[in-house]
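Only one structure is covered here, and it is reproduced in the block below.
We count ligands from 1, going down the list as the structure has it; atoms in each ligand are counted the same way. Keep in mind it's a predicted model, so treat the numbers as computed, not measured.
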Amino acid sequence: MLYSDLAETFDRLEATSSRLEMTTILADFFRTVDTDRLREVVYLSQGKLHPDFHPQVLGMADRLVLKAIAIASGHSEKSIEELWVETGDPGEVAERMMARKKQMALFSEELTVDRVVRGLTAIENTDGRDSQDKKMKTLANMLHDSGPLEARYLCRIVTGRMRVGAGDMTILDALAEGFATKDDRPEIERAFNITCDIGLVAETIATGGMDAIRAMEITVGNPVKVMLAERLPSIPEVVEKLGGRCAMEFKYDGIRVQAHIGRDGVTLYSRRLEDMTQNFPDIARALRNKCRFGEVIVEGECVAVDPETGFMLPFQNVTHRRKKHGIDDAVRDVPVRIFLFDILYCDGRDTTGDPYPERRELLESAFIMGDMVQTTTMRVVEGPEEGEEFFSGALVARCEGIMAKSLERESVYRAGSRGYLWIKYKKDYQEALTDSFDLAVVGAFYGMGKRAGKYGALLMAAYDPEMGDFKTVCKLGTGFDDAFLDGMPALLNGNLSGTCPRSVDSEMVPDVWFEPGVVLEVVAAEITLSPTHTAARDLLKEGSGLGIRFPRFTGRVRDDKTPEQCTTVGEIVDMYGMQARDSDGLSL
Ligand code: AMP
C-alpha cells in the first residue's frame, strides 16, 4: 500500500470539522486497506506506531527534523529555519520545501506504508552514540521519496503533532460503519475498553467480524480501561441511591494502579495507561510474592505512609515516586502501600461480569495480606446513620472520603464507564461547592504587573465525550505560586498550537493556544450560567454555557490523567443541578 493514499486521507480528515464526515472518510478508507496492514494504518492515523499503553518514544526534536528537510529538499538550513520560525510547524515547513524541491539526481523509490513503518520503527529504536544523526538520516531518506503531502504528515508524526482528528471514538464509529452496523457500536467499544488497543480491535473486526469482537477477552498485559464513580452531595443520598444498603470503602488519596500479575512478572499501569512498574518496584515485588494465584489483574490505590508513624500521607508524597530518576532513594524515603479494591481477572477467568460481593470475596482470598498489600477498609452499611459513622471513621484514618459500591446483582465492573454502581463522597463536598475539577489547559494569557513576561492566567476546559472535544469553563489566575509561574512554559509549551486546536471549542481568544495535554486540579466557589464559556452551551439556557466562578488551582498537576480523563461537561451539568437544588439556584 502506498503511503500517499494514507497522506491523502489525512488531508481530507484535516479539511473537515464534521465528526460524521470524518467517520465516513475513515470507514471508506479502512475498507480498502489489507487486513494485515490495518492495525498499523490505524495507529498511524493517530500519529503512533503502537497502542496507547506502549511508551511512545518517537518524539524527534524540531531542529533535527529541519536538518532532514534540508537534506531531502536541497534547500539551505537557514531558509528552512526561517520558515519554521514563521509557521512553528515542521509539517508545514516540510510540505512547502518539498513542493519546491531542488532537482536531485538520486533514484527515487515510492514510499509504501510498510517502508514508513520500518523507517519510523528504526527511528524509535535507535539509541546510543550518533543516534540523533542516524535518526535524522533515516527521516531524510523517507522525505527524499515523499511528495509534499506525505512529507507534511511524516514530520508531524515524528514530532508527535499528528492530530488530524482521528480520536478513539471517531475510529470506533468508523469501524462500526465500515465493518458492522451502528447497533454493534457498544460491543466494539467494549472490546476497546477491555484491551485499550484500537489497532487490535480494528484488525479483529476486519478479519473476524463481530463474532471475533464478541470473543475478545481481557488478557494479562493489556490494560483495561478503569471503572469510574459518580458523585452525590450527601451520605443519605448516596445510601438511598444504592437501595438503602451498600458497601462502603475508605477512599484513599494516592495513585490508582492496575496491576497485571503474570507468572513471570508484574506490570503496573496508571490510569492513563503508563507503565509505572519502575516507579513502584517494591509494590510489584510484594504483589507477586503475596498472590495466591498464577495470573491476576487487580486494582488498588498506592498511598505513601509516614515511615515513623505508619500514618497515611497526602497525595503529594506519593508523587515523589512518579519521577524518572532517583527511584531507589524514593523507595527508601517514601514507603508506599497498596490498598486493593477490585479484581478483574483470575487464572483464565474474566471476573468483571461478577457482582461486587463475589469479586470482593475473591480479592480478599487472592493475597496473603500484610503491611504492604492490603484490601481497602470496607463495611456493609444499612442506612444513612451507619454511612455517616463510616465516613467519620474514614476521615479519622486520614482518607479523603468514602466510595460507596452497589451490592446488587448488576454490580459488575464496567470497564471505561462512569456510573452509579460506585458513588464517591469526599470531605471537600462539605466545605466547598462540590468536588474539585480536573481541567485541561487550552490557552494562556500573558500576565501584567508582577507577572509581566510570564503566563498570568490560563484558559481551562472540560471534556465533552459526545463531541470528542474540549469546552471552556473558566479563566484561571489564582493559586499559582512563584515556582509554578516560572515553570509554566516548561510544563505547557510542548503543546503550543499556532491556532485554536481542532479539538477545542472556545469563544474566548487567549494570547496563546495549547493542544489539550496538561490537566490541573481546580476548586471553585460556584458554577454559573455564562455567556462566554462553551460548556453545555444552549443546554440550560439559549445563548449561555456553564462557567466556573472564582476558580483556584490547588497546586496539583494531574499528570496521572490524560485530557480525555478530565472532568466532563456532563459532570459539570450534574454538579450545577446539585448546587441549584441545595441553594435554590443561588450561590453556595
Ligand atoms: P476521583 O479521582 O476523585 O474521581 O476518585 C476516583 C478515584 O479514587 C479512583 O480512580 C481511585 O484512584 C481512587 N480510590 C481511592 N479509594 C478507592 C476505593 N476504595 N475504591 C475505588 N477507587 C478508589
Side-chain angles (χ1 to χ4, degrees), residues 223-233 238 242 246-259 268-274 276 280 283 298-304 312-315 318-319 322 336-344 356 359-360 363-364 374-381 390-391 393-395 397-407 411 413-429 432-439 462-463 519-523 554 556-562 564-568 570-572 574-575:
V224 178
K225 285 221 167 168
V226 298
M227 176 166 174
L228 297 163
E230 280 288 352
R231 53 170 79 70
L232 279 174
V238 170
L242 293 171
C246 62
M248 274 195 188
E249 297 181 15
F250 283 0
K251 186 177 189 306
Y252 301 84
D253 191 13
I255 293 181
R256 185 174 189 158
V257 161
Q258 191 177 87
L268 304 178
Y269 290 106
S270 73
R271 59 189 281 173
R272 54 182 300 169
L273 311 180
E274 292 156 326
M276 299 209 301
F280 296 101
I283 294 288
V298 283
E299 277 190 347
E301 193 84 353
C302 280
V303 185
M312 279 185 273
L313 296 171
F315 171 81
V318 79
T319 54
R322 291 188 66 87
V336 166
R337 289 180 185 165
I338 186 161
F339 293 91
L340 299 173
F341 55 76
D342 222 314
I343 181 158
L344 282 60
Y356 169 83
R359 296 202 309 282
R360 180 77 193 190
L363 178 67
E364 283 171 6
Q374 308 181 23
T375 41
T376 50
T377 298
M378 187 276 281
R379 188 173 133 195
V380 172
V381 306
F390 187 81
F391 174 67
L395 299 193
R398 305 190 179 187
C399 288
E400 57 172 355
I402 56 103
M403 274 285 197
K405 299 186 178 177
S406 166
L407 293 167
S411 58
Y413 184 97
R414 289 233 169 91
S417 99
R418 187 186 294 283
Y420 284 100
L421 291 174
W422 288 6
I423 307 175
K424 58 184 170 179
Y425 180 75
K426 298 200 221 171
K427 64 172 180 288
D428 306 357
Y429 300 6
L433 150 75
T434 47
D435 202 357
S436 53
F437 306 83
D438 295 321
L439 301 174
Y463 184 55
V519 178
L520 303 182
E521 187 181 73
V522 174
V523 287
T554 62
R556 186 159 165 180
V557 178
R558 293 299 307 246
D559 49 10
D560 60 326
K561 287 195 171 181
T562 62
E564 287 79 13
Q565 289 170 337
C566 73
T567 304
T568 62
E571 287 179 81
I572 293 179
D574 288 348
M575 286 191 229

Thr554-Glu521 side chain donor-acceptor pair, cut-off 3.5 Å: yes
Judged by heavy atoms only, the candidate from Lys251, Arg231, Glu230 nearest atom 8 (O) of ligand 1 is Lys251
Per-atom filter on ligand 1: closer than 4.0 angstrom to a heavy atom of Met403 are 6 (C), 8 (O), 17 (C), 18 (C), 20 (N), 21 (C), 22 (N), 23 (C)
Is any N or O atom of Lys561, backbone or side chain, closer than 3.5 Å to an N or O atom of ligand 1? no
TODO: For ligand 1, find out whether one of its N or O atoms is nearer than 3.5 Å to an N or O atom of Arg271.
DONE: yes
Next item on the list: Report yes if Thr376 has an N/O atom closer than 3.5 Å to an N/O atom of ligand 1; otherwise report no.
Entry: no
Side chain or backbone, does Glu249 bring an N or O within less than 3.5 Å of an N or O on ligand 1?
yes
When every non-hydrogen atom of Val226 is compared with those of Tyr413, the smallest separation belongs to CA-OH, 3.3 Å
Residues at least two apart in sequence or cross-chain that pass salt bridge (Lys or Arg N to Asp or Glu O under 4.0 Å) with Arg256, listed by chain then number, are Glu299
field: Non-hydrogen atom of Lys426 closer than 4.0 Å to ligand 1
entry: yes
TODO: Examine Phe250 against ligand 1 and note whether any of their N/O atoms are separated by less than 3.5 Å.
DONE: yes
Heavy-atom nearest pair, Asp560 first then Arg271, reads O-CG, 3.3 Å
Closest heavy-atom approach to atom 4 (O) of ligand 1 among Met248, Lys424, Glu299, Arg558 is made by Lys424
Separation between OG1 (Thr377) and CZ (Phe250), nearest 0.5 Å, reads 4.5 Å
Within the 4.0 Å heavy-atom cut-off, what Glu301 brings close to ligand 1 is side chain
Residues passing the side-chain contact (heavy atoms from CB on, under 4.5 Å) test with Ser406, sequence neighbours excluded, are Leu242, Glu408, Ser411, Leu421
message: More than 12 heavy atoms of other residues, nucleotides or ligands under 6.0 Å from CZ of Arg414: yes or no?
response: no
